[in-house]
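Before any comments, here is the structure.
Letters A, B, ... are given to chains in the order of the sequence lines, protein chains preceding strands, and every chain is numbered from 1.
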Amino acid sequence: MLNLLWGAMIVIGVIWGSLHGTLGAVTEGVLGGARDAVSLCVTMLGILSFWSGILEIGERAGLLEKFSRALRPLIRFLFPGIPKGHPAEQAISTNVIANMLGLGWAATPAGLKAMEQLDTLNEKKGVATNAMCTFLILNMSSLQLIPINMIAYRSQYGSVAPAAIVMPALLATTVSTIVGILAAKAFERTWP
Amino acid sequence: MNLILYLSDLILPFAVFYIVAAGLLAGRPVYDDFVNGAKEGFKTVLGVMPTLIGLMAGVAVLRASGFLTFLAAFLARFISEQLVMPELISVILVKLFSSSAATGLALDIFREYGTDSRLGMAVSLMLSCTETIFYTMSVYYMSVKVKKTRYTLPGALAATAAGVVMSLVLAARM
């Protein structure tokens with residue numbers, strides 16, 4: 001996907017530039033863009049290393065398990081088709097909590113495990129079950145509570161208040177997740 | 001809105017405090033844990049660096065050639081500028097496929113219009129509350145060989161649309 005996208009960016013940019021006589025600016029653009037990327041990474045090295053350090057403390061202190069246990073009742077409500085105590089429950093709650101905390105590396109393995117477990121409950125292989133649809137919609141509705149990357153980008157580009165987006169982003173994420181859940185619940189009844 | 005900005009400032013310090021306090025209460029060597037985690041974060045950033053260099057140079061080529069301006073003007077003909085700023089449309093579309101490419105476009109907006117402008121705020125929020133739908137769906141469904149995805153896509157698009165609308169509404173009020 002990215003190969004096509006990136007390739008198109010470069011090809012279109014250069015062709016467009018030669019048609020409109022902006023190739024000089026294109027050269028400057030390449031050099032400037034590459035330089036900007038490096039200085040952005042320097043800022044991110046500080047902020048993201050700090051944040052992953054903090055998250056590691058949280059994980060070692062058992063917060064991941066504690067939160068995923070607290071999430072169980074909600075999981076039961078969202079996925080009525082999963083038998084109580086099925087391993088899918090655990091995998092889903094770990095995935096959701098890891099996504100909320102922005103622990104991508106913990107979220108994806110748990111998510112794939114959840115899919116595998118949900119597939120053991122699937123009677124029509126190759127066709128998504130209600131639980132799979134709901135799980136992925138929830139996952140893709142964006143769950144991250146603190147958008148740490150965006151705060152780092154904003155700080156690099158001179159924002160006077162890089163963290164000002166935390167609360168509004170939380171609101172927006174909550175609304176998108178609620179809409180996702182409502183859509184999933186509505187489709188669940190009507191979709192063939 | 002003031003309350004929201006005030007809470008925004010509180011959340012990050014509070015989260016850090018809460019986590020470190022939990023670590024101390026659990027009797028963990030918190031600084032050792034911190035350093036271990038920070039090493040991982042360090043590696044992650046170094047890992048994405050080549051991707052970012054490629055994408056930011058790519059976006060810079062599009063911007064410098066004048067193509068991005070043309071694209072925005074072209075999109076503006078179909079959609080009322082009052083509703084969605086044309087620059088945002090390309091970010092939203094790209095975000096459905098690739099998070100890093102969308103970040104490249106967002107950083108371009110930051111440079112051109114500033115992070116705290118209405119456009120800068122809207123794009124900050126938008127990228128914080130949406131996911132790379134097509135990428136995620138293909139990875140997860142491929143892992144269990146599911147071909148018929150039923151209502152996953154419409155459901156995910158509904159959630160994304162809600163996030164985008166919320167971002168625009170909130171950015172307009174800040």
Side-chain angles (χ1 to χ4, degrees), chain A residues 1-2 5-6 9-10 12-13 16-17 20 22 25-26 29-30 32-34 36-37 41 44-45 48-49 52-58 60-61 63 112 115 119 126-128 133 136-137 140-142 147 150 154 157 159 163-169 172-173 175-176 179-180 183-184 187 191, chain B residues 4-5 7-8 11-12 16 19-20 22-23 26 28 30 33-34 36-38 40-42 45 49 52-53 56-58 60-62 64-67 97-98 101 110 115-116 124-125 127-131 133 136 140 143-144 146-152 155-156 158-159 162-163 166-167 170:
Chain A
M1 201 73 83
L2 202 48
L5 215 62
W6 190 77
M9 272 163 130
I10 301 288
I12 292 175
W16 193 268
H20 293 81
T22 48
V26 168
V30 172
D36 283 358
C41 283
M44 283 175 67
L45 271 181
L48 281 189
S49 301
S52 359
I54 293 295
L55 288 178
E56 176 83 12
I57 297 177
R60 297 274 164 185
L63 289 182
L112 293 176
M115 288 304 276
D119 202 42
V127 181
C133 293
L136 281 192
I137 292 170
M140 292 186 287
S141 73
S142 168
M150 189 46 79
R154 290 171 53 78
Y157 281 87
S159 170
I165 54 154
V166 175
M167 245 342 249
T173 294
V175 170
S176 75
V179 169
F187 285 136
W191 207 277
Chain B
I4 287 186
L5 289 181
L7 287 176
S8 288
I11 288 181
L12 203 58
V16 171
I19 291 172
V20 175
R28 295 290 313 171
V30 286
D33 288 346
F34 173 83
N36 278 334
E40 287 306 310
F42 201 82
V45 176
M49 206 160 153
L52 261 183
I53 293 176
M56 287 179 72
V61 167
L62 280 186
S65 70
F67 182 76
F97 298 93
S98 157
F110 286 167
T115 50
D116 301 320
S124 304
L125 293 177
L127 291 194
S128 305
C129 71
T130 51
E131 284 281 346
I133 292 180
T136 313
Y140 277 68
S143 76
V144 288
V146 163
K147 293 250 167 54
K148 290 216 168 80
T149 61
R150 296 174 64 223
Y151 57 86
T152 314
M166 274 307 282
S167 304
L170 287 166

Heavy-atom pairs under 4.5 Å with chain B, option from [options] with the top count:
options: Ala37(A), Ala164(A), Ser141(A), Gly53(A); result: Gly53(A)
options: Leu112(A), Val30(A), Leu136(A), Leu48(A); result: Leu136(A)
options: Ile12(A), Ile57(A), Ile10(A); result: Ile57(A)
options: Ala34(A), Ser49(A), Ala184(A), Gly17(A); result: Ser49(A)
options: Leu55(A), Leu45(A), Val179(A); result: Leu45(A)

If you take all heavy atoms of [X] and [Y], which pair is closest and at what distance?
X: Cys133(A); Y: Arg150(B); result: SG-CB, 4.1 Å
X: Ala60(B); Y: Gly33(A); result: CB-CA, 4.1 Å
X: Ala172(A); Y: Cys129(B); result: CB-SG, 3.8 Å
X: Leu52(B); Y: Met44(A); result: CD1-SD, 4.3 Å
X: Ser176(A); Y: Ala162(B); result: CA-CB, 4.1 Å
X: Ser128(B); Y: Ile165(A); result: OG-CD1, 4.0 Å

Worksheet item: Would you say the side-chain atoms of Arg154(A) pair up with the backbone N or O of Thr115(B), donor to acceptor, closer than 3.5 Å?
Response: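 Yes; judged by distance alone, with no hydrogens or angles, the pair exists.
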Discussion item. Can a donor-acceptor pair be found, under 3.5 Å and without considering hydrogens, that links the side chain of Ser8(B) to the backbone of Met167(A)?
Written reply: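 Between the backbone of Met167(A) and the side chain of Ser8(B) there is a qualifying donor-acceptor contact (under 3.5 Å).
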Do you know which of [options] has the most heavy-atom pairs with chain A at a distance under 4.5 angstrom?
options: Gly66(B), Gly23(B), Ala26(B); result: Gly66(B)
options: Met56(B), Glu40(B), Met166(B), Met49(B); result: Met56(B)
options: Ala101(B), Gly163(B), Ser124(B); result: Ser124(B)
options: Asp116(B), Thr130(B), Thr149(B); result: Asp116(B)

[atom2] on [Y] to [atom1] on [X], rounded to 0.5 Å:
X: Ser52(A); Y: Asn36(B); atom1: OG; atom2: CG; value: 11.5 Å
X: Ile19(B); Y: Leu63(A); atom1: CD1; atom2: CG; value: 6.5 Å
X: Leu5(A); Y: Ser98(B); atom1: CG; atom2: OG; value: 6.0 Å
X: Thr173(A); Y: Leu125(B); atom1: OG1; atom2: CG; value: 9.0 Å

Worksheet entry | Parallel, tilted or perpendicular, as decided by the 30° and 60° cut-offs, for the rings of Trp16(A) and Phe67(B) |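 Perpendicular, since the angle between the ring planes exceeds 60°.
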Would you mind checking which part of [X] comes under 4.5 Å of any heavy atom in chain B, side chain (CB onward), backbone (N, CA, C, O), both or neither?
X: Met150(A); value: side chain
X: Ala183(A); value: side chain
X: Asp119(A); value: side chain

Discussion item. In the structure I gave you, are the side-chain heavy atoms of Met115(A) and Val146(B) within less than 4.5 Å of one another anywhere?
Written reply: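 Met115(A) vs Val146(B): side chains apart.
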